[in-house]
Protein chains: 2
Amino acid sequence: MTEIVQFRELKRACGNCSLRELCLPYGIDQADLRLLEDLVQRLPPKTRGKALFVQGDPLKSIFAIRTGSVKSVTLGADGAEQITGFHFPGELVGFDAIAGEFHDCSAVALEDTSLCEIPFERLDELSGQVPGLRRQLMRLLSREIQQEQHLLLLLGKKGAEARLAAFLLSLSSRFAGRGLSPTRLHFSMARGEIANYLGLAVETVSRLFARFQQDDLIAADGRDVTLLDLPRLHAVAEVAPDATTSMSTRSKC
Amino acid sequence: MTEIVQFRELKRACGNCSLRELCLPYGIDQADLRLLEDLVQRLPPKTRGKALFVQGDPLKSIFAIRTGSVKSVTLGADGAEQITGFHFPGELVGFDAIAGEFHDCSAVALEDTSLCEIPFERLDELSGQVPGLRRQLMRLLSREIQQEQHLLLLLGKKGAEARLAAFLLSLSSRFAGRGLSPTRLHFSMARGEIANYLGLAVETVSRLFARFQQDDLIAADGRDVTLLDLPRLHAVAEVAPDATTSMSTRSKC
DNA sequence: CGTCCGCTTGAGCCTATTCAATAGCTGTGG
DNA sequence: CCACAGCTATTGAATAGGCTCAAGCGGACG
């Protein structure tokens, strides 16, 4: 009821959007901002489980998260799902598709989530006119690559404890970057989703939470988690399973 | 000696470069091609183990592979290395850095490798003028994301056999795309590098090669491998460890 | 010729998974 | 208001897949 009125009011208000520092390019000026605002469309909120887009969909839009959170999931040919990322307010989702014109993963809301939709075609055109925007897009694409490389390192080389510790610290710093507490976290994702993301079984994650509490690394109450000892968590996250892992080829250049 | 002469001749010859179909944007015309050629600099070949750039280096250039092959490696804080990708002729390396201005991984030659260097600053400027080039850059960035997502699925959800089978098939199709045989492969990477890439121990990879040969899936002679049964390899690659892995949240949108 | 490195193979161990049972939470309907 | 179904989370016991450790082999290179 009042919802509908709000949509009208909030539509096309990037200039006032509290997230403009996050999701808009740095060196963009007022005139360019107008152009960008015309592209952006506020969307009715998605509830938990609703998809922004599904793997295989043609690329139509990029989505900016205003509130809530979103997971990216890729589906294997055999039906196995791997969560490849979690996304929070101020972040953009949907970049995976640009290569093939089709989305290579699905994006699903983890909780009630409000979004802005940005038609890709027009964003692409605009990025030709506004160098700052083009740079920012590249930056975001590239940041996604870096995040995935970090996850690859985790899945390829770290044990279960290190994975969870790294995950907690990663959330901590991301939340802190948005002005939230770096130690008192609230999870929007289920244990099973954490497990999936980290390449572990649900039971393992549950046991790790228990162990971390015993060791006074964290205090957990369901999805509310307090990080008690960041230095030691960092230590746990950086456990090298074997220091002799030095690769065959040493670059002596 | 004669080498040096060749460099002069081959320098700035994108138009004649046999790889132009691969590493240049599709919709680029002759005039634009000239502009691009001016950016590109042929480099003296790197030998095995030499780095194109090292993690932490500021982003200066993108590299196009003409011949040979390259691996991307990210270093963890604890010294653990994870190979995040292998790159072959016609492919571009160095995109990871664009976000932070610094390279987030190292790129190292796997064998004698000849390269073209493309200064990023000027490529960026040019991409503002040539829409086709901008699109192609985005496509390449995004393709990198897709490849890493695929690897994430592998490391997070698949067992050792499936990982190796998927790896072999991936190389097969990439080689085939470059006009080589899809069944007779030659590896430029060591067993240890395959193992690292797949998140396995060297011994495991070795044992898997043996097992695959016993099962007549492949015939391996050192780094020369023949794929004998693609359909069954596909079957092995798509083993779902557990079909009940369906995630908590089902999107009913 | 000897050493080093890459690769393979064997044996035992350990981590994380699988299987199984229980408790908490939420929403639905009687 | 409570009972019931369905789902999330936790905990225990047994299994197994891949790792570590150890040894042997062959080729490359100084």
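As a basis for the values below, the full set of heavy atoms in this structure was taken, side chains included, without hydrogen atoms, waters or symmetry mates. The sequence lines fix the lettering, A, B, ..., with proteins before strands; numbering per chain opens at 1.
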Please state how far atom CG in B:Leu155 lies from atom P in C:dA16, giving the value in whole angstrom units. 15 Å
Euclidean distance, atom CG of residue B:Asp221 to atom P of D:dG27 [Å, nearest integer]: 11 Å
With a 3.5 Å cut-off and no angle check, do the side chains of A:Gln82 and A:Thr74 form a donor-acceptor pair? no
Charged tip of B:Arg191 within 45° of B:Phe209 ring normal and under 6.0 Å: yes
Would you say the side-chain atoms of A:Arg66 pair up with the backbone N or O of A:Pro89, donor to acceptor, closer than 3.5 Å? no
So if I take residues 204-211 of chain B and measure heavy-atom distances to DNA chain C, which residues fall below 4.0 Å? B:Ser206, B:Arg207, B:Ala210
Only counting residues at least two apart or in another chain, list the ones meeting side-chain contact (heavy atoms from CB on, under 4.5 Å) with A:Ala237. A:Ala165, A:Ala166, A:Leu169
Could you pick out which residue, A:Val202 or B:Val202, lies toward the 5' side of DNA chain C when each is mapped onto its nearest nucleotide? B:Val202
Are A:Arg191 and D:dC7 close enough that a side-chain N or O sits under 4.0 Å from OP1 or OP2? no
What is the distance, rounded to the nearest whole Å, between atom CD1 of A:Ile194 and atom C1' of D:dA9? 11 Å
Which of these nucleotides, D:dT8, C:dT9, C:dT18, is closest to any side-chain atom of B:Glu203? C:dT9
Nearest whole angstrom, please: distance from the C1' of D:dT10 to the CD of A:Gln213. 11 Å
For atom CE of B:Met189 and atom P of C:dC5, their distance in whole Å: 22 Å
Side chains of A:His87 and A:Ser72 only: does a donor on one sit below 3.5 Å from an acceptor on the other? yes
Under 3.5 Å side-chain donor-acceptor pair for A:Ser61 and A:Glu117: yes
Side-chain donor-acceptor pair under 3.5 Å between B:His103 and B:Asp57, yes or no? no
Starting at CZ of A:Phe212 and ending at P of D:dT10, how long is that distance when rounded to a whole Å? 14 Å
Could you check whether B:Arg223 gets within reach of a base, just the sugar-phosphate, or nothing at all, counting any heavy atom under 4.0 Å? sugar-phosphate
Could you tell me the separation between the CG atom of B:Leu110 and the C1' atom of C:dG6, rounded to a whole number of Å? 15 Å
Rounded to the Å, how far apart are B:Leu200 CG and D:dG17 C1'? 11 Å
